[in-house]
Amino acid sequence: MVSGWGKMTETEISADSALGGIDPAQPPCVEPSVRQSQKEATRNRVIIAARDLFDVQGFQGTTIREIAKQAGVSVGSVFTTFASKGEILNQVMQERLDRLYAELDRVMPHLRGSTADRLCTMFSIHFAFEAQRTRLFLAHIAAAYDWTQPSSAKPMGKNTRLQEIIAECLAKGVAEGDVDPESDLQEIIDLLMGAYAWVYRLAASDGADAATMTAVMDRHIALIADGFHRR
Amino acid sequence: MKHIAPLQAAGEAVVKVPTRRTLAKQQTRAKVLAAARRLFSEEGYEGATIRDIAAAAGMSTGAVFANFTDKSDLFREIMLTDMVALGEAMREAAERGKGVDDALLKIFSAGYAFYKSQLPLARAAFSVGWTPEEGPQLRNSEPSQQLIELMVDQLNAGVERGELGQEAEVKLRGQMLFEAYLSNFKQAIFEGWSLEALQARSRDQIRVLLAGARRG
């Protein structure tokens, strides 16, 4: 149902955020904003380098120095843009998730079928997206429990966008009559989030691909739906 | 520290008359584990260093490394010891349950009560649990699998008693109950939920997850 999603965005990301809107073929014209755009270009280079390194070496296994080297910038200029490695991770994930959620916002209104079906599709889009960068995503989740993260960090679970999307999906189900209006929606959201995180562990321990994770999640959703279906 | 007792007891059973050397070694291990437990709780897994742990235990880093291969080894030992004790507490709690819902609720509650006084350590465990190297080791460990098995046992008992249908998909449900149990730690750790609030939430979750399995 969602084949083709897997390819979504990776190429776009490197295409538009790598260049940061600057065409490398054109010499940068000297404008007052040149400093600004240089800073922006550094930022984008660091984010891409960090994304690739975190994904291969893990978050803890990557140093700021390696990120700077791969991005082709000085360690000093990394620190003028980001306060810490944790902040770089947050920015990397923020950009990725913004794209994912923008895509979901576009798709969700067009989904048909039961609430459970719509949830299955929504999560399958997530798995297709995140399976491309497994270790990066795991680092993102682990950061939620990390002491050394800045308090401004938005690790997995503190980002409320996914919860909002599920809530909208369930509310639609209540309106359409296949979700019991007596159900505690927040509780169902939490169960789904718990299932989602658990299924993601399959990628960590068994190297499961997106299709496998989607199949497992579908079963979890069906079981949870038994608990919220209107009888 | 009382949770370390079973493992030590097992070790002593092999060595009939512990030599002075063995005793000293056990004492060293116990001291390191106690210091590590404290530092992991205060500084988190990443924040606690072997050097700090050694200093807190009043010994050299070399002495720590003579007993544990690295920090993850130390953390794993603490976690596994706790999980064995937790499993016992949960099993006892389940035996007092009346019916499948109640038995499961008592298991959840026993878990939250167990970690109530050591939430920072639970937080460190979640952090470590998501790392690609350590996560699978902890999850696939025998004591961890036993906790899921305990949930499955309750479901099977429910099927035998006729509370749940034969098609109850006990394996999947057991795993989902376990993940629901774990997911509530987020509220406990970050939002300071009381045991009562966690119990109320758990009761509803169990009801939802068993809804499709009930008979009739």
Side-chain angles (χ1 to χ4, degrees), chain A residues 54-61 85-86 134-149 155-158 180 182-184 186-207 216-217 219-229 231, chain B residues 39-48 72 119-140 148 168-169 171-173 175-187 189-191 200-214:
Chain A
F54 291 158
D55 195 40
V56 176
Q57 305 176 182
F59 176 70
Q60 297 296 345
K85 194 170 68 164
T134 310
R135 289 187 65 131
L136 180 62
F137 191 69
L138 292 174
H140 174 56
I141 304 177
Y145 300 97
D146 190 341
W147 263 244
T148 56
Q149 285 285 305
M156 154 101 177
K158 289 195 185 149
D180 183 352
E182 300 287 298
S183 345
D184 179 338
Q186 186 57 47
E187 186 180 291
I188 293 167
I189 292 170
D190 288 347
L191 278 174
L192 287 166
M193 295 287 287
Y196 172 57
W198 182 265
V199 169
Y200 212 84
R201 288 165 200 251
L202 293 174
S205 46
D206 310 344
V216 176
M217 187 69 191
R219 292 182 67 205
H220 286 220
I221 292 170
L223 199 150
I224 293 170
D226 275 342
F228 69 64
H229 268 157
R231 280 150 205 282
Chain B
L39 280 165
F40 285 138
S41 298
E42 286 167 5
E43 312 288 335
Y45 180 74
E46 293 305 334
S72 65
L119 282 176
L121 195 65
R123 179 176 167 173
F126 280 104
S127 174
V128 173
W130 279 107
T131 58
E133 294 78 17
E134 289 302 304
Q137 284 205 46
L138 278 181
R139 263 194 310 287
N140 299 332
I148 302 180
E169 288 195 275
K171 275 218 133 50
L172 178 63
R173 278 206 159 74
Q175 198 177 72
M176 291 183 70
L177 284 160
F178 188 60
E179 78 204 29
Y181 158 74
L182 288 180
S183 71
N184 293 334
F185 273 99
K186 224 167 62 191
Q187 274 80 16
I189 293 169
F190 294 111
E191 293 167 39
R201 161 63 67 92
S202 306
R203 185 178 293 118
D204 287 342
Q205 286 172 328
I206 292 166
R207 187 175 43 72
V208 169
L209 289 175
L210 294 191
R214 296 201 204 275

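Every heavy atom of this structure was used, including side-chain atoms; hydrogens, water molecules and symmetry mates were not. Letters A, B, ... are given to chains in the order of the sequence lines, protein chains preceding strands, and every chain is numbered from 1.
When all heavy atoms are compared, the tightest approach of A:Leu223 to B:Leu209 is CD2-O, 3.4 Å. Taking every heavy atom of both residues into account, A:Gly194 and B:Ser183 meet most closely at CA-CB, 4.2 Å. Scanning all heavy atoms of the two residues, the minimum distance from A:Gln186 to B:Arg201 falls at CG-NH2, 4.4 Å. Contact detail for A:Glu187 and B:Gln205: the closest heavy-atom pair is OE2-N, 4.0 Å. The heavy-atom pair separating B:Ala211 from A:Asp226 by the smallest distance is CB-O, 3.7 Å.
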Exercise. Go through the steps to decide whether A:Val199 and B:Glu179 satisfy the test side chain to side chain contact (heavy atoms under 4.5 Å, CB included), and finish with yes or no.
Key: CA-CA 10 Å; A:Val199 169; B:Glu179 78 204 29; over 6 Å; no
Quiz item: Could you go step by step and tell me if A:Asp190 and B:Lys186 meet the salt bridge (Lys or Arg N to Asp or Glu O under 4.0 Å) rule?
Solution: CA-CA 10 Å; A:Asp190 288 347; B:Lys186 224 167 62 191; 5.9 Å; no
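Remark: B:Phe185 pairs with B:Tyr112, B:Tyr115, B:Phe126, B:Tyr181 by the ring-ring contact (aromatic ring centres under 6.0 Å, His included) rule, at least two apart or across chains.
Using a 4.5 Å cut-off between heavy atoms, B:Gln187 touches chain A through its side chain atoms alone. Contacts of A:Arg135 with chain B are made by side-chain atoms alone, with heavy-atom separations under 4.5 Å and no backbone atom involved. Of the atoms belonging to B:Leu182, it is side-chain heavy atoms, and not backbone ones, that fall under 4.5 Å from chain A.
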